[in-house]
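Before any comments, here is the structure.
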Amino acid sequence: MSNDISLSKAPAGAAAAEPAGETLLEVSGLTKYFPVMGGFPFKRQVGSVQAVDGIDLAVRAGESFGLVGESGCGKSTTGRLITRLMEPTAGTISYRGQDISHADRKALAPIRSEIQMIFQDPYSSLNPRQTVGTIIGGPMEINGINPPGGREKRVRELLETVGLNPEHYNRFPHEFSGGQRQRIGVARALALEPKLIVADEPVSALDVSIQAQVVNLLQQVQRELGIAFLFIAHDLAIVRHFSQRVAVMYLGKIVEVGDRDSIYQRPRHPYTHALLSAVPEVELEGEERERERIRLAGDVPSPINPPSGCRFRTRCWKAQDKCAAEEPPLIHLGGPDEGHLTACHFPEEPTIAARGEDIVLDPALAAIEDVAERPE
Amino acid sequence: MTTLTKPVEDAAPAASGAFLSVRDLYVRFSTEDGIVKAVDGLSFDLERGKTLGIVGESGSGKSVTNLTVLGLHNPRTTEVAGEIVLDGQELTGASNRTLEKLRGDKMAMIFQDSLTALSPYYTVGRQIAEPYVKHRGVSKREGRARAIEMLEKVGIPQPKLRVDDYPHQFSGGMRQRAMIAMALVCNPDLLIADEPTTALDVTVQAQILDLLKDLQQEFGSAIILITHDLGVVSNIADDLLVMYAGKAVERGSVRQLINEPQHPYTWGLLGSMPRLMSDVTEQLTPIPGAPPSLLAPPPGCSFHTRCGFTDLVGGGRCSAERPVLPEGRGSACHLTDEQKRSVFIETIQPRLG
Amino acid sequence: MLRFLVRRTLGAVVILLFISAFTFFLFFAIPHDPALLSCGKNCTPDNLKIIHHNLGLDHPVPVQYYNFMVRIFTGYHYSAGNCPAPCFGYSFANSELVWPTLMDRLPTTLSLAAGGMAVFLLIGLATGMLAAWKRGTMVDKVFSSASLVLSSMQIYFIGPLALALLVYNNQILDQPKYVPITDNPVAWFNGLLLPWCVLSIIFTANYTRMARSTMIEQLQEEHVRTAVAKGMSGRYVFFRYAWRGSLIPIVTILGIDLGSLLGGAMITEWTFQLAGLGRLALDSVLHADLPMLMGVMLFSATMIVLFNIIVDAAYAFIDPRVRLS
């Protein structure tokens with residue numbers, strides 16, 4: 001496998017079609033509730049999992065938009081809604097001005113080829129009974145695309161694009177390692193020359209050294225083919241590395257969104273502060289600066305009965321009565337980045353430097369550290 | 001158990017003062033495809049109350065090593081050779097009875113996935129109390145009281161009520177806390193934590209790591225923390241051991257390993273992961289290729305197939321001769337110390353930004 | 001738990017209604033007139049008409065079904081006598097009331113099935129667990145291969161063979177017969193010993209293999225490894241952790257197997273000439289005896305459905321995760 005990936009053989013055109021900066025995908029008020037069944041004596045809907053609850057976001061042509069959050073925040077559901085693998089409960093998804101939120105199969109067909117998805121698990125997302133050629137060529141066949149020189153030639157080109165040997169055309173997925181399989185997944189997504197790729201945790205199932213290979217490949221694809229990415233991940237450092245703009249989600253809501261540097265250097269939402277301070281970081285020599293230390297208590301609450309008002313208030317150190325009564329709007333709170341929006345009534349200072357005193361909400365940690373600090 | 005021939009070069013006397021000492025450990029599984037050399041001549045020491053981080057990717061042998069320390073490997077399919085000495089007691093040839101007495105009492109383990117690692121059929125309290133009742137010979141009631149005390153210590157709210165809950169009634173973070181309580185219930189001298197936070201969310205991971213660190217102060221246990229994430233160990237461990245393909249390739253203190261890494265694989269690991277502080281315009285520098293099969297590991301240095309610096313050594317030495325990992329600070333690589341230093345400073349460090 | 005039972009009972013009623021209707025209408029789909037049997041050799045169309053009327057066969061089939069179902073609960077005064085609820089009518093073949101006949105035959109089948117189940121559970125699970133405990137040893141290999149051979153021993157083959165060898169030729173065992181347990185428990189046991197063994201032989205073999213494989217699977221579970229890592233002894237881990245987890249698949253299969261157990265009991269009754277429900281079912285089919293057939297069908301279906309509710313309720317006792325959802 002060559003590590004020097006050349007994209008020159010991939011047909012250009014996708015890159016030039018869209019002037020950079022134009023909005024490709026616009027989502028507003030996107031909502032997905034999953035019914036919870038129960039009751040007696042006949043089962044009926046007794047509640048709902050509010051997986052995604054009214055989010056707005058826009059992805060511009062050629063940019064990489066990162067969606068970050070912890071389990072149950074709805075980031076993966078959002079990805080599936082946008083690719084229309086799921087039907088939204090409410091809200092609109094428009095792709096290049098066309099509303100596709102409830103479009104049927106027929107109306108979606110031309111758009112399906114422009115929005116592609118890369119999945120997390122490279123083992124279960126490839127059909128083990130199909131050859132690599134069939135897997136990558138499949139989307140072209142379904143969409144009746146006949147590239148010049150034939151589909152097989154195009155598949156071989158794609159294999160080369162993603163750094164695999166074109167001679168592996170007739171091999172089966174099990175003959176490849178995890179990282180190579182994810183490359184096959186990328187080649188499949190590229191087969192239809194998409195304009196937007198939704199990548200749902202594309203590297204989290206891979207070993208560290210392999211992760212970097214795939215991240216670099218995706219980055220190359222994004223830059224050189226001008227494909228926009230919706231990059232969904234829980235790893236804050238990878239999202240930062242890959243995305244120009246980032247949205248932070250918590251319990252089905254976007255709590256903060258903005259340019260990469262603005263979010264990572266000047267976060268305003270307490271949750272973003274907590275999230276950033278929790279990342280275990282390797283600090284190289286000369287970098288050992290003081291980061292703030294925030295340790296929340298407990299886990300993320302259930303999305304079945306999310307807290308009223310601001311959903312983060314149950315774990316927030318700044319919460320007041322207002323937070324329970326009133327849901328904070330996602331607005332610009334000042335600062336140089338106009339697109340930096342925060343949903344918080346009592347935002348934090350825009351810095352990630354250490355505070356005078358650590359915020360430790362975890363009762364066990366607080367108890368032990370209290371004892372340790374008390375003078376003997 | 002079969003005795004395997006030990007290579008002479010790795011046989012070094014156990015360092016004095018070590019509380020756990022592993023010497024020339026070999027672990028081999030027989031599978032349908034052949035013999036897997038899961039751990040291939042590993043030696044390390046751990047002092048009382050210290051934390052050793054073992055870093056490696058899947059298949060590096062880091063988990064197998066620690067299952068072997070506790071004797072949790074399958075004796076039917078596994079061959080173990082070498083020495084594991086815990087507080088003066090040899091464990092590799094020890095009887096099951098001896099090991100049973102040590103497990104849960106003197107040495108305990110925390111597993112990665114708390115949902116599958118706790119029994120769904122018994123209450124959390126019972127599972128925490130069990131080793132205490134067994135090893136301390138106390139009544140079930142005293143065991144339960146101890147379980148409540150431990151739950152409180154690890155930060156479970158309302159421990160008197162939650163002690164009777166089943167694991168599935170706990171959230172992921174609470175389950176991992178319960179597992180820590182279970183491991184620490186008998187004040188073990190050695191605690192092995194196998195990817196204890198990998199399955200958890202970032203904010204919960206931070207709570208659990210801090211908790212482990214704080215509890216270590218209180219209980220004084222030595223900890224072996226196994227992880228694939230350098231970030232996780234760099235904040236909690238004293239010393240690090242980097243493993244690749246069943247062998248230890250580099251050893252040193254956390255600061256030494258992060259600031260002056262010597263082994264090309266360690267350089268690769270550092271270059272593979274983006275950090276919150278790294279320069280986003282700088283591309284990641286992945287390690288090319290994939291880890292080797294442990295059925296037929298490459299001859300010489302196992303990393304030579306993926307290493308970009310074999311030319312500096314020259315003479316085909318990397319593919320012919322197995323490099324030795326010296327005692328103490330050092331790396332198993334044929335590059336000279338001077339080469340290691342200059343390559344790191346000139347080529348690797350600038351990319352880490 | 002109560003909610004669960006109520007919901008399942010409602011479901012069971014629906015299933016039983018469906019089974020009764022299916023059996024009833026299927027019966028009339030067969031081109032065979034049950035009246036011919038009672039009509040004798042000199043059957044005239046007029047005689048046949050009278051018999052049709054007497055048996056209630058002159059009504060349309062849905063009306064007959066409706067009457068039949070209603071009478072189960074209300075009872076009915078036939079010209080031949082009173083039929084109290086639960087009334088399944090009179091047998092077409094021998095004019096006996098169906099329900100008392102069922103109750104007369106029930107103890108035999110119940111003794112046979114329950115005894116057979118006890119045998120295969122005791123022996124099957126014990127050998128299976130032993131094989132898992134001694135996995136890979138000679139004991140395991142002997143048990144595993146023996147169970148493979150025994151699982152192909154059909155009742156109609158091994159039954160007569162055992163009868164010839166153990167009873168007629170060597171007189172080791174008593175001639176199989178049914179003596180009520182209340183009359184003489186020893187005779188009850190001796191009389192049914194051979195039928196139990198024959199009936200349970202395939203089940204024993206299957207449960208040995210199943211117990212072995214589920215135990216081995218459970219022993220590889222992570223929570224079992226955690227128990228070992230806590231210092232729990234091998235025996236404790238085996239019985240408290242692995243065995244507990246094996247119960248769910250075993251109980252599930254047991255619920256499914258009850259139907260085949262009743263089927264097996266039927267063949268066993270026929271093989272050993274025991275007068276149980278199985279023989280009754282067989283005879284009623286051969287004689288186109290609709291009331292008797294419906295009685296046997298509904299009765300055994302009810303037993304199976306009830307047993308399955310018990311099995312599902314047992315899940316809740318075994319697995320706390322089921323208890324709460």
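Lettering follows sequence order; numbering is per chain, from 1.
- Of the listed residues Met107(B), Met109(B), Gln127(B), the one with more heavy-atom pairs under 4.5 angstrom with chain C than any other is Gln127(B).
- Chain B forms the most heavy-atom pairs under 4.5 Å with one residue out of Glu221(C), Arg135(C), Gln220(C), and that residue is Arg135(C).
- Interatomic distance, Arg225(C) CZ to Thr116(B) OG1, rounded to the nearest 0.5 Å: 8.0 Å.
- The minimum heavy-atom distance between Pro320(C) and Pro120(B), with the atom names listed, is CG-O, 2.9 Å.
- Smallest separation of non-hydrogen atoms from Val228(C) and Arg103(B): O-CD, 3.1 Å.
- Leu102(B) does not touch chain C: none of its heavy atoms, backbone or side chain, sits under 4.5 Å away.
- By number of non-hydrogen pairs under 4.5 angstrom with chain C, the leading residue of Leu99(B), Leu72(B), Ile110(B), Ile192(B) is Leu72(B).
- A distance of 6.0 Å separates CD1 in Ile248(C) from OH in Tyr121(B), rounded to the nearest 0.5 Å.
- Chosen from Met182(B), Arg97(B), Met179(B), the residue pairing most often with chain C at heavy-atom distances under 4.5 Å is Met182(B).
- For Glu57(B), the CD atom sits in a packed shell: over 12 heavy atoms of surrounding residues, nucleotides or ligands are nearer than 6.0 Å.
- Surrounding NZ of Lys106(B) are more than 12 heavy atoms belonging to other residues, nucleotides or ligands, all under 6.0 Å away.
- Here the shortest heavy-atom pairing between Asp113(B) and Glu222(C) reads O-OE1, 4.2 Å.
- Between the side chain of Lys230(C) and the backbone N or O of Glu130(B) there is no donor-acceptor pair closer than 3.5 Å.
- If you tally non-hydrogen atom pairs under 4.5 Å between each of Ser114(B), Gly71(B), Pro131(B) and chain C, the highest count goes to Pro131(B).
- Atom OG of Ser119(B) sits about 7.5 Å away from atom CZ of Arg244(C), to the nearest 0.5 Å.
- Within the 6.0 Å centre-distance limit, the rings of Tyr241(C) and Tyr122(B) are counted as a close aromatic pair.
- Considering every non-hydrogen atom in both Ala229(C) and Leu70(B), the closest pair reads CB-CD2, 3.9 Å.
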